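Accompanying notes for the structure given below.
This one's a predicted model, so the numbers in the text were calculated from it and none came from an experiment. Heavy atoms only: backbone and side chains are in, while hydrogens, waters and symmetry mates are out.
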Amino acid sequence: KKTTTFATCCVAGDQKEMAVGRHLFNALLLSFCFFGLFLAFQTTQNLESSIVPDERLGYWSLACIYIAFCFGALFISAPLANYLRPKLSLIVGGFCYLPLVASNLYPRWWTMPPAAALLGLGAGVLWAAQGTYITLCSSNYAVGNNTEPKSQMGFFNGIFFTIFQSASVIGSIIASIILTYSDQNNEQRSVHILFYTFLAVGSCGLFGFIFLGSESAAQQDEEAMCDAEPLVEHQLSTTQRLSSALRLLIDKKMIFLTVSLIYSGMEQSFVAGDFTASVVTKIKGKNWIGFVLSVFYLCDAVGSFTIGKISDYKYGKITLLTIGGLCHVVVFGFLLIYDQTHWISTEWLGDHFYIVFILSGILGIADACWNPWGPIMMSLMFTDNTDAAFSVLKFYQAFGSAMMFAWGPYLTLSEKLLILSGFLAVGLLCITILHVFVESIAKSRDEVLQNKPDRLNQTLNNNNQ
């Protein structure tokens, strides 16, 4: 009987270990599905302004993505994701990404902008579902290991974003290799090979969603649901969400943050649209875009991991702004000199092309500073209204990106740099006024957690999604 009991315990232990390991497997599978999907999309976005024959078509297609995302983030994403549940939402949202990749095989005004708008609407659904699913995976894994439901959130999000960020690096390198070493006498054939490859990789990512296992919130007790609850059971209605967001627009703190939030969307679009088309392509050719941007994404990923930790300290937010602002001042100043004077010529930069790689790395470090800025401020300044705050954040960032892409074909590089510099200066001035006269931005995370522990921790976890 003792032997039988011992054997039964071993079997039960193995079954429990397998059940717990399933949650980690689901998180890994989700991560690799996003890897395939965003290897295709992110690299396509970076090439759009350079590789599409009609420059306006490329820029405006990118603008359509973010205009649609502005609309979808407020009206469609959360209600639809809540209705469909995570797995089906991932499939529906992921499918919306593929038509834009495919439309590059036949770039026309009636193929690309509609596909881009569909992607913008689907993006919100995809990311809302991702947030729910990764939260449930981590919470179920923690509960299965008899630990606090929140204890594995950082570990699971770390796995996801490490794999996710690597997609842009690898996708950029693949694009440059294909454009460099495929048929040089037939550029159209090279482009078709490139996008057929991306379509295949993206389809594999989408197909992988089908094999995701079920993650049920029922495995957690009522108290442990604090992380997943806002994403699964208590979504605000569309009217409530919009009304709350509109009220927040006139909040004094949000008004002082508005310019910097818009700027955080603009600076990302500058890299994808203007740095690639007006700098890399002009100096060395479109086949070098991927190699240059791989440095950007690598520095962005490393910077996000290292610099991002600074924000947890009391003066970490000020340090982030200082590093991010200085990096952009250096790059914008150099490019203005290049574009407006004869001191730096295109030929000279072509012979010293490593400088462009350095500029790309500096932009990556700057992006690693500006990326967490908005979410951190929403978490610290609006702890009583975080759902609306994050909706406003996404709206402003998408609005900034849409602006940069919309005027892309009509403004010179210098004009765009001056506009970006103006937004940077005004944004930093407004943040200084906010910090000195309204509310300090130097509050540490621990100080805020003492006042709003559960709500803020939930918000910071949602931000990682």
Side-chain angles (χ1 to χ4, degrees), residues 153-154 157-158 161 248 251-268 299-332 362-397 400 420-421 423-465:
M153 187 68 68
N157 277 295
F161 282 105
L248 200 60
D251 183 274
K252 183 186 297 185
K253 292 179 289 185
M254 184 64 78
I255 290 173
F256 282 112
L257 289 170
T258 295
V259 178
S260 64
L261 299 181
I262 294 174
Y263 177 77
S264 66
M266 295 173 69
E267 61 93 13
Q268 294 179 8
C299 290
D300 196 347
V302 174
S304 297
F305 180 75
T306 54
I307 299 176
K309 293 183 178 180
I310 298 174
S311 64
D312 284 337
Y313 297 98
K314 185 168 185 178
Y315 295 100
K317 274 73 71 177
I318 297 175
T319 304
L320 283 182
L321 289 176
T322 303
I323 296 174
L326 286 175
C327 286
H328 277 156
V329 167
V330 169
V331 175
F332 295 166
I362 295 174
L363 286 171
I365 294 172
D367 190 60
C369 294
W370 283 102
N371 261 339
W373 165 252
I376 289 172
M377 286 298 100
M378 298 304 100
S379 300
L380 297 181
M381 295 291 180
F382 307 102
T383 55
D384 292 324
N385 199 11
T386 51
D387 289 332
F390 274 93
S391 294
V392 171
L393 167 64
K394 294 298 183 183
F395 176 82
Y396 277 144
Q397 288 181 326
L420 281 168
S421 300
F423 268 85
L424 174 61
V426 174
L428 292 177
L429 176 62
C430 290
I431 292 169
T432 303
I433 296 173
L434 171 67
H435 176 63
V436 175
F437 297 106
V438 182
E439 185 172 340
S440 173
I441 67 170
K443 295 181 295 185
S444 69
R445 185 182 182 211
D446 291 337
E447 290 173 328
V448 180
L449 283 173
Q450 290 175 359
N451 299 322
K452 302 283 184 180
D454 290 334
R455 182 60 174 170
L456 179 59
N457 209 34
Q458 163 210 315
T459 303
L460 292 176
N461 289 333
N462 288 348
N463 164 40
N464 286 333
Q465 300 157 7

Between the SG atom in C327 and the CG atom in L363, the distance rounded to the nearest 0.5 Å is 8.5 Å
Would you check, one step at a time, whether the test side-chain contact (heavy atoms from CB on, under 4.5 Å) holds for I262 with M266? CA-CA 6 Å; I262 294 174; M266 295 173 69; 3.8 Å; yes
Carefully, step by step, assess I255 and L434 under the rule side-chain contact (heavy atoms from CB on, under 4.5 Å). CA-CA 9 Å; I255 290 173; L434 171 67; over 6 Å; no
Rounded to the nearest 0.5 Å, what separates atom SG in C369 from atom CD in E267? 9.5 Å
Report yes or no: does K253 contribute a side-chain atom to a donor-acceptor pair with the main-chain N or O of M381 at less than 3.5 Å? yes
Rounded distance [0.5 Å steps], NZ in K394 versus CE in M378: 11.0 Å
I433: what forms a side chain to side chain contact (heavy atoms under 4.5 Å, CB included) with it, not counting sequence neighbours? F256, L429, F437
Value for CG (L248) from CZ (F382), rounded to nearest 0.5 Å, stands at 5.0 Å
Hey, are the side chains of M254 and M377 touching, using non-hydrogen atoms and a 4.5 Å cut-off? no
Is the shortest side-chain heavy-atom distance between V259 and L428 below 4.5 Å? no
Is there a side-chain contact between L420 and L424 (heavy atoms, below 4.5 Å)? no
Please round to the nearest 0.5 Å and tell me the distance separating atom CG of D251 and atom CG of L257. 9.0 Å
Evaluate W373 against L320 for side-chain contact (heavy atoms from CB on, under 4.5 Å), listing each step before the verdict. CA-CA 8 Å; W373 165 252; L320 283 182; 5.7 Å; no
Atom pair CG/CG of L261 and L393 - distance to nearest 0.5 Å: 5.5 Å
What pairs with T322 under side chain to side chain contact (heavy atoms under 4.5 Å, CB included), at least two apart in sequence or on another chain? I318, L326
Would you say W370 and S260 make side-chain contact, with heavy atoms under 4.5 Å? yes
Given ring-ring contact (aromatic ring centres under 6.0 Å, His included), test H328 with F423 step by step and report yes or no. CA-CA 12 Å; H328 277 156; F423 268 85; over 10 Å; no
